[in-house]
Amino acid sequence: MSPPPPALAPATGSCSRRTLLRWLPGLLPLAHARARAFVATTFDQGLLWRIQRPGIAASHLFGTVHLDDARVLEMPPAVHAALDEARVFLPELRADAESGRRFEAATQLPPGQSLRALSGEAAYPLIAAVLATRYGIAPAATNRLKPWAAYLALEQPTRRQGEILDGKLQRLAVQRGLPVVPLESLDEQIASLEAVPLPSQLALFEASARAHDEQLAAIDELLALYLAEDLAGLWRLQRTVLVGQAPALRAAHDDLIEHLLLRRNARMVERLLPHLRQGGAFAAMGALHLHGEQGLPARLARLGWSVERRPA
C-alpha cells in the first residue's frame, strides 16, 4: 500500500511523537450495469467537484492528500475561489492539539498486552527495527502500539511532516471566518480503525514492514498521480504496492477498504446532505473518498444532485 493512501491516513494525530481512505426492482440488472459503466468512466479523474440543485447555492468537494509537499500546498485558483464562496468548511476531522493527544492515547494497547505478543516473535523484530531506524520510535514504545497504529506509523514518510494540505485548508477557512464542522468525530474515526479485524491488522503491518522500501519509493508516484488528479491511478497504487507482491493480503486489504473507506463514505454522505441542502459548503476529504461508484460524487449523483467536475 502506498504511503500513506489519501483516504486512509488519519487527518490528525500522532504515533509515538510522529504525526501519523434506489433502483426500481424490475430494472435492477440493466440499470445497475449501466450505472457501473457510467460511474467508472466519470469518477476516475478530478479533485474538485461542484455539487448543486436548482435554487440552492453550489457546494464543493475537494480531495486532499495528507502530505506537506509544496506542490500539493500550492492549491489551484479554482480551489481558493470555491473556498471564498463557502458558508461552512467541512473537513474529515478537526485538526487541533487536543485531537492529536486523544488520538495518541488511542494508539496504546491496554495494560497487559504487547505488540510483540500479538505479532509473534517471527515478525516483531523486523517491525521494531523499521520503526526504530526509520522513525526513531524506541522498541519499548513500539511494543505498546496497537497493530493498526503500527501500520499507520509505517505508512508515513520517514521525515517529520509540517503543515499538511488538510491543515492548511482548515487554517484558511478559519481566516475567512467560516465555521468548521467536521464530517466525523475523533471517536468515530478511531472506531473505524479498531473495526478492521485483528488478523487483517497484523497481516498488513507485517507486510508493510517487509515492503517498506517499496512503500517509500511509491511516495513520488503517489504525488504525481494526485497532482494529475488521477483517482483511478491512486486507487491502483494503494492496492498494488502490498497486494501486488503478496496476493494473500487481498482479503486483509479488502477489510481495510471496507472499514476505512466504504463505510466512512456512507457516513460522510449522511453528514454532507444537510449542509448541501443549505448550500455553500466546502468539504475536504482524502482523494480516494471521491473515486468510483462508491465515492462521494457518485453517491450524491445517485441521490439526484448535479455533480460536476471543476477544472482545478
Asker: Quick one: are Gln215 and Ser208 in side-chain contact, heavy atoms under 4.5 Å?
Answerer: yes

Asker: Can you run down the salt bridge (Lys or Arg N to Asp or Glu O under 4.0 Å) pairs that involve residues 46-57, sequence neighbours left out, and say none if there aren't any?
Answerer: none

Asker: Give every residue pair that meets the ring-ring contact (aromatic ring centres under 6.0 Å, His included) criterion with at least one member in residues 111-133, sequence neighbours excluded.
Answerer: none

Asker: Side chains of Glu92 and His66: closer than 4.5 Å at any heavy-atom pair?
Answerer: yes

Asker: Under the side-chain contact (heavy atoms from CB on, under 4.5 Å) rule, what do Leu169 and Met75 come out as? Steps first, then yes or no, please.
Answerer: CA-CA 10 Å; Leu169 284 166; Met75 297 182 299; 3.4 Å; yes

Asker: Using modelled atom types and a 3.5 Å cut-off, is there a donor and acceptor pairing between side-chain atoms of Gln170 and backbone atoms of Asp166?
Answerer: no

Asker: Hey, does Leu61 have a side-chain heavy atom less than 4.5 Å from the side chain of His289?
Answerer: no

Asker: Is there a donor-acceptor pair closer than 3.5 Å between any side-chain N or O of Arg116 and the backbone N or O of Ala128?
Answerer: no

Asker: Identify the residue among Leu237, Leu67, Leu165 that makes a side-chain contact (heavy atoms from CB on, under 4.5 Å) with Tyr226.
Answerer: Leu165

Asker: Could you tell me which residues satisfy side-chain hydrogen bond (donor to acceptor under 3.5 Å, both in side chains) with Arg271, sequence neighbours excluded, listed by chain and number?
Answerer: Glu188

Asker: Going by side-chain hydrogen bond (donor to acceptor under 3.5 Å, both in side chains), name the residues that satisfy it together with Glu163, two or more places apart in sequence or in a different chain.
Answerer: Arg171

Asker: Pairs of donor and acceptor atoms involving the side chains of residues 272-287, under 3.5 Å and at least two apart or interchain, shall be tabulated with distances.
Answerer:
none

Asker: With side-chain contact (heavy atoms from CB on, under 4.5 Å) as the test, would you mind laying out the steps for Leu178 and Val88 before giving the verdict?
Answerer: CA-CA 5 Å; Leu178 301 180; Val88 61; 5.9 Å; no

Asker: Between Pro147 and Gln201, which heavy-atom pair has the shortest distance, and what is it?
Answerer: CB-OE1, 3.5 Å

Asker: Would Ser119 and Glu206 count as a side-chain contact (heavy atoms from CB on, under 4.5 Å) here? Give the steps.
Answerer: CA-CA 8 Å; Ser119 59; Glu206 179 181 351; over 6 Å; no

Asker: Which value, rounded to the nearest 0.5 Å, describes the distance between Leu227 atom CG and Asp69 atom CG?
Answerer: 7.0 Å

Asker: Over all heavy atoms of both residues, which pair between His212 and Leu154 is shortest? Give the atoms and the distance, please.
Answerer: NE2-O, 3.0 Å

Asker: Can you tell whether the side chains of Arg236 and Asp44 come within less than 4.0 Å, N to carboxylate O?
Answerer: no

Asker: Check Gln45 against Glu229 and note the closest heavy-atom contact, atom names and distance.
Answerer: OE1-O, 3.0 Å

Asker: Nearest heavy-atom pair of Arg144 and Pro110: which atoms, and what distance?
Answerer: NH2-O, 3.3 Å

Asker: Side chains of Pro199 and Leu202, heavy atoms from C-beta outward: is any pair under 4.5 Å?
Answerer: no

Asker: Does Glu74, at its CD atom, have more than 12 non-hydrogen atoms belonging to other residues, nucleotides or ligands within less than 6.0 Å?
Answerer: no

Asker: Please assess Arg101 against Glu98 for the test salt bridge (Lys or Arg N to Asp or Glu O under 4.0 Å), listing each intermediate value before the final yes or no.
Answerer: CA-CA 5 Å; Arg101 287 190 291 269; Glu98 176 59 23; 3.0 Å; yes

Asker: Roughly how far, to the nearest 0.5 Å, is the CG atom of Leu231 from the CG atom of Leu47?
Answerer: 6.0 Å

Asker: Using 4.0 Å as the upper bound for N to carboxylate O, is an ion pair formed by Asp213 and Arg134?
Answerer: yes

Asker: Between Ile257 and Gln238, is there a side-chain heavy-atom distance shorter than 4.5 Å?
Answerer: yes

Asker: Mind checking the OG-CG spacing from Ser306 to Leu300? Nearest 0.5 Å is all I need.
Answerer: 11.0 Å

Asker: Kindly write out the residues that satisfy side-chain hydrogen bond (donor to acceptor under 3.5 Å, both in side chains) with Glu308, not counting sequence neighbours, or none if the list is empty.
Answerer: Arg310

Asker: Between Glu221 and Leu225, is there a side-chain heavy-atom distance shorter than 4.5 Å?
Answerer: yes

Asker: Can you name the nearest heavy-atom pair linking Glu104 to Thr107, along with the distance?
Answerer: O-OG1, 2.6 Å

Asker: What do the steps show when you test His259 against Glu194 for side chain to side chain donor-acceptor pair (under 3.5 Å), and what is the final call?
Answerer: CA-CA 9 Å; His259 291 285; Glu194 300 275 9; over 6 Å; no

Asker: Report yes if the side chains of Val181 and Phe89 come closer than 4.5 Å at any heavy-atom pair, otherwise no.
Answerer: no

Asker: To the closest 0.5 Å, what do you measure between CZ (Phe43) and CD (Gln294)?
Answerer: 12.0 Å

Asker: Check step by step if side-chain contact (heavy atoms from CB on, under 4.5 Å) holds for Leu118 and Phe205.
Answerer: CA-CA 12 Å; Leu118 289 173; Phe205 85 74; over 6 Å; no

Asker: To the nearest 0.5 Å, how far apart are CG in Leu288 and CZ in Arg239?
Answerer: 12.0 Å

Asker: Closest approach of Asp255 and Ser200, non-hydrogen atoms and distance?
Answerer: OD2-OG, 2.5 Å

Asker: Got a salt bridge between Asp68 and Lys168, using NZ or NE/NH1/NH2 to carboxylate O under 4.0 Å?
Answerer: no

Asker: Flag the pair Arg299 / Met268 as yes when at least one side-chain heavy-atom distance between them is below 4.5 Å, and no otherwise.
Answerer: no

Asker: Could you tell me the separation between the CG atom of Leu256 and the OH atom of Tyr151, rounded to the nearest 0.5 Å?
Answerer: 5.0 Å

